[in-house]
Amino acid sequence: MLNLELNELIWQVVAAIPYGRVLSYGQVAKSCGYPNHARYVGTTLKMLPEDTRLPWHRVVNAKGEISFPVNSEAYKRQISLLEKEGVIFKKGKLSFENYGVKY
DNA sequence: GTTGTGACTACCA
DNA sequence: ATGGTAGCCACAA
């Protein structure tokens, strides 16, 4: 495919998200230099193997919500991974305390 | 070329 | 706050 370069950038950015923090799809896209590719970030993460070590769960939508249908398997999987990292959810949304790549 | 679909967003009523 | 909408972009029919 044509965007292998972009895919690598995306993986790199996602891999760099520190433990316990999250980024939005839009932010990941922007970090790659493609501010309008938020959707494509999701498309890319979708094709990851199950045993990937990439912290894909640290990517949420701009509203701070999980971009999966509530109660779907993927939704529950992502929530549990995040909570395991100390990320706090209130009514399906997370607080901006966890947002961004601070050090 | 057109149309529809997504792990998206920003804007507006 | 909430729902609709119009951009957005890659991809598959």
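So you know, we letter chains A, B, ... as the sequences are listed, proteins then strands, and number each from 1. Every value quoted in this text rests on a predicted model; they were computed, and no experiment measured them.
Nearest-nucleotide positions on DNA chain B for A/Q27 and A/T43 put A/T43 closer to the 5' end.
Applying the side chain to side chain donor-acceptor pair (under 3.5 Å) test to every pair with at least one member in residues 47-57 of chain A, sequence neighbours left out, gives these pairs: A/H57-A/E85. Within the structure, side chain to side chain donor-acceptor pair (under 3.5 Å) pairs that include any residue of residues 9-20 of chain A do not occur (at least two apart or interchain).
Scanning for ring-ring contact (aromatic ring centres under 6.0 Å, His included) contacts around A/Y34 gives A/H37, with sequence neighbours left out.
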What donor-acceptor contacts under 3.5 angstrom involve side-chain atoms of residues 66-73 of chain A, with partners at least two apart or in another chain?
from, atom 1, to, atom 2, distance (Å)
A/S67, OG, A/N61, ND2, 3.2
A/S72, OG, A/P69, O, 2.8
A/S72, OG, A/Y75, N, 3.2
A/E73, OE2, A/K76, NZ, 3.4

Identify every side-chain donor-acceptor pair in residues 87-96 of chain A under 3.5 Å, counting partners at least two apart or on other chains, and give the distances.
from, atom 1, to, atom 2, distance (Å)
A/S95, OG, A/E97, N, 3.2

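Distances shorter than 4.0 Å separate some side-chain N or O of A/S24 from OP1 or OP2 on B/dT9.
At a cut-off of 3.5 angstrom, the base of C/dA10 holds no donor-acceptor pair with the side chain of A/Y40.
A/C32 has its side chain within reach of A/L6: a pair of non-hydrogen atoms, C-beta onward, lies under 4.5 Å apart.
The separation of B/dC11 from C/dC9, taken at their P atoms, amounts to 16 Å, rounded to a whole angstrom.
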Give me the distances for all protein-to-nucleotides 11-13 of chain B N/O pairs that come in under 3.5 Å?
none

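At a threshold of 4.0 angstrom between heavy atoms, the contacts of A/T44 with the nucleic acid are absent.
Only A/A38, listed by number, bring a heavy atom of residues 29-38 of chain A to less than 4.0 angstrom from any atom of DNA chain B. Residues from residues 63-80 of chain A lying near DNA chain B, meaning a heavy-atom separation below 4.0 Å, are A/S67, A/F68 in numerical order.
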